[in-house]
2 protein chains.
Amino acid sequence: MSYTKAEENYLKAIYSIGVKTGDIVSTNDLAQRLETKASSITDMIKKLSAKDLISYEKYKGVSLTSTGKKIAVSIIRNHRLWEVFLVERLNFKWDEVHEIAEQLEHIKSDKLIDNLDDFLDNPKFDPHGDPIPSKDGIMPKREESAIVNELSLGDEGMIVGVKNSKKEFLQYLEEIQLNLGKKIEVLKIFSFDNSVLIKSGEREITLSDQVSKNIIVKRS
Amino acid sequence: MSYTKAEENYLKAIYSIGVKTGDIVSTNDLAQRLETKASSITDMIKKLSAKDLISYEKYKGVSLTSTGKKIAVSIIRNHRLWEVFLVERLNFKWDEVHEIAEQLEHIKSDKLIDNLDDFLDNPKFDPHGDPIPSKDGIMPKREESAIVNELSLGDEGMIVGVKNSKKEFLQYLEEIQLNLGKKIEVLKIFSFDNSVLIKSGEREITLSDQVSKNIIVKRS
DNA sequence: TTTTTATTTTAGGCAAGTCTAAATTTTATA
DNA sequence: TATAAAATTTAGACTTGCCTAAAATAAAAA
Ligand SMILES: [Mn+2]
Ligand SMILES: [Mn+2]
Ligand SMILES: [Mn+2]
Ligand SMILES: [Mn+2]
């Protein structure tokens, strides 16, 4: 069985919204994520439901069936492997790869993905620190991690991921030279606006709450 | 300006049929190539003509405008670069790459193709010996070459391409161990059925007319 | 040159995926 | 609990790319 790009994108969206909402996803949330109108969502979820890729009860939102989830996860695998390829082999920056991976993720060929995975030495995380599901759908777990936002004074850690992969945010991090692997230490916490002063290498940087709550670190 | 997959495939088909027919391409030839009905072709060529990608006169066939040709050539460039990637880096056999490249050729990103080209060390020919157009549309010329079919007794040469890239043909060549780069010598020519006996390495192989007229060699 | 055949185009229709406007159902608020 | 607001679905329409059947045109044969 093979699915259309639209179907795959719907399943992927349902998957990733579902992770946050506890599996059940509303029509409006999907419409926002997919930048379409709610009525279009209703049309499509009827089709996906007819194909048993999602469970749907009128007015009550949708959730993925196990088949639907399998497909969603495999598209996410494709997406993240391609992102690794673009950054590791084709010299792209981490803020340039998402849109291209959105296209590449829909290329149909099992062998292609298997060989790509091997070619890249079976990476476990993508350029944004997101886990790459294995062929059989298992998401590698990151070691115990925290958000910069919730660190205490004096805590140290290494950046292992971001919670926001929007171009603008990634470019901002690039600009202040905070990328995956960088070590940081919390020097000050300003409780009135939740900003933090951190040390990274020899530099001291102030991070707003907006920023610090989107950076994932491994304590060290 | 960006084009749909269908539009790109039509332009590519018009280009490659045109090379053989002297640019003008008939509705039926296109229908056959694209495996659609003639009426569908008429529909699409009206659209392509309205976009000034082809010249079209009712009942008289179509030809590419310079814009149309530019697009067709750039899709061919994508296709062939991806084929090189699949064979050279992902361990695919030359008979396995065409269908995947048919998908990959439509990925939209100039930077992707530029970087891929560099990553592959700017190859001039694809795994089937077909020339890869440069970024500005120039097709590398193969050095003086001949078809095995038209060699004379005693002639020697190296395989530099095939005129038929169909899976079955490529697999057959694989099986008799004739791939790009192999040296051959013509030992006998059987005029009654135009088959030839050739020597390749230590082995002697008989090639039917069907086969020998689809192998391109550089004399040596 | 007329007739037959092959090619191409037109007419009308269908599925996918989207939209706007209107109707329905659910949820929140008074 | 009644009413207002928000969320969702339905109705009807549009575009893209394809189809079948029929009509029009061009090419080949008689
Ligand atoms: Mn991404
Ligand atoms: Mn990512
Ligand atoms: Mn090919
Ligand atoms: Mn090729």
Side-chain angles (χ1 to χ4, degrees), chain A residues 1-14 17-18 20-64 68 71-72 75 102-103 105-106 108, chain B residues 1-14 17-18 20-64 68 71-72 75 102-103 105-106 108:
Chain A
M1 201 73 15
S2 192
Y3 303 90
T4 67
K5 209 178 284 194
E7 288 171 333
E8 290 179 347
N9 283 335
Y10 271 76
L11 294 174
K12 197 162 59 111
I14 295 168
I17 297 172
K20 288 166 202 155
T21 61
D23 289 358
I24 288 202
V25 177
S26 74
T27 300
N28 265 2
D29 283 359
L30 272 173
Q32 189 181 20
R33 168 68 62 106
L34 294 168
E35 297 179 275
T36 54
K37 301 293 163 170
S39 54
S40 308
I41 301 292
T42 305
D43 285 346
M44 181 59 104
I45 63 187
K46 282 180 189 166
K47 293 172 195 163
L48 294 175
S49 177
K51 295 185 180 184
D52 274 317
L53 299 172
I54 61 177
S55 311
Y56 170 48
E57 234 185 305
K58 253 193 192 179
Y59 292 103
K60 303 218 165 144
V62 299
S63 63
L64 294 174
I71 297 162
I75 300 299
E102 284 292 311
Q103 301 178 60
E105 69 188 8
H106 301 291
K108 263 82 182 169
Chain B
M1 201 72 19
S2 192
Y3 304 91
T4 66
K5 210 179 284 193
E7 288 171 334
E8 291 179 346
N9 283 334
Y10 271 75
L11 295 174
K12 197 162 56 113
I14 295 167
I17 297 172
K20 288 166 201 156
T21 61
D23 289 357
I24 287 203
V25 176
S26 74
T27 301
N28 264 2
D29 282 359
L30 272 173
Q32 190 181 19
R33 168 68 62 105
L34 293 168
E35 298 180 273
T36 54
K37 301 295 164 165
S39 54
S40 307
I41 301 292
T42 304
D43 285 345
M44 181 58 104
I45 63 187
K46 282 182 190 164
K47 293 172 196 162
L48 294 174
S49 177
K51 295 186 181 184
D52 274 317
L53 300 173
I54 61 176
S55 311
Y56 169 48
E57 233 186 305
K58 251 193 195 179
Y59 292 104
K60 304 216 165 143
V62 299
S63 63
L64 294 174
I71 297 162
I75 300 299
E102 284 292 311
Q103 301 179 61
E105 69 187 9
H106 302 291
K108 263 82 182 170

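Because the structure is predicted, anything quoted here is derived from the model rather than measured. Letters go in sequence order (proteins before strands), and every chain restarts at 1.
Contact annotation: the side chain of B/Thr4 never approaches that of B/Tyr10 to less than 4.5 Å [non-hydrogen atoms, C-beta and beyond]. A/Lys51 is listed as a side-chain neighbour of A/Glu7, based on a closest heavy-atom distance under 4.5 Å. Between B/Ile54 and B/Ile14 there is a side-chain heavy-atom pair separated by less than 4.5 Å.
Atoms CG (B/Leu30) and P (D/dG17) sit 15 Å apart, rounded to a whole Å.
Judged by distance alone, the side chain of A/Lys108 and the main-chain N or O of A/Tyr3 form a donor-acceptor pair under 3.5 Å.
The list of side chain to side chain donor-acceptor pair (under 3.5 Å) pairs with a residue in residues 31-41 of chain B, not counting sequence neighbours, reads B/Ser16-B/Arg33.
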Item to complete: Heavy atoms under 4.0 Å is the rule here; annotate nucleotides 6-19 of chain C 5' to 3' with B where the base is hit, S where only the sugar-phosphate is, and - elsewhere.
Response: -SBBB-----SBBB
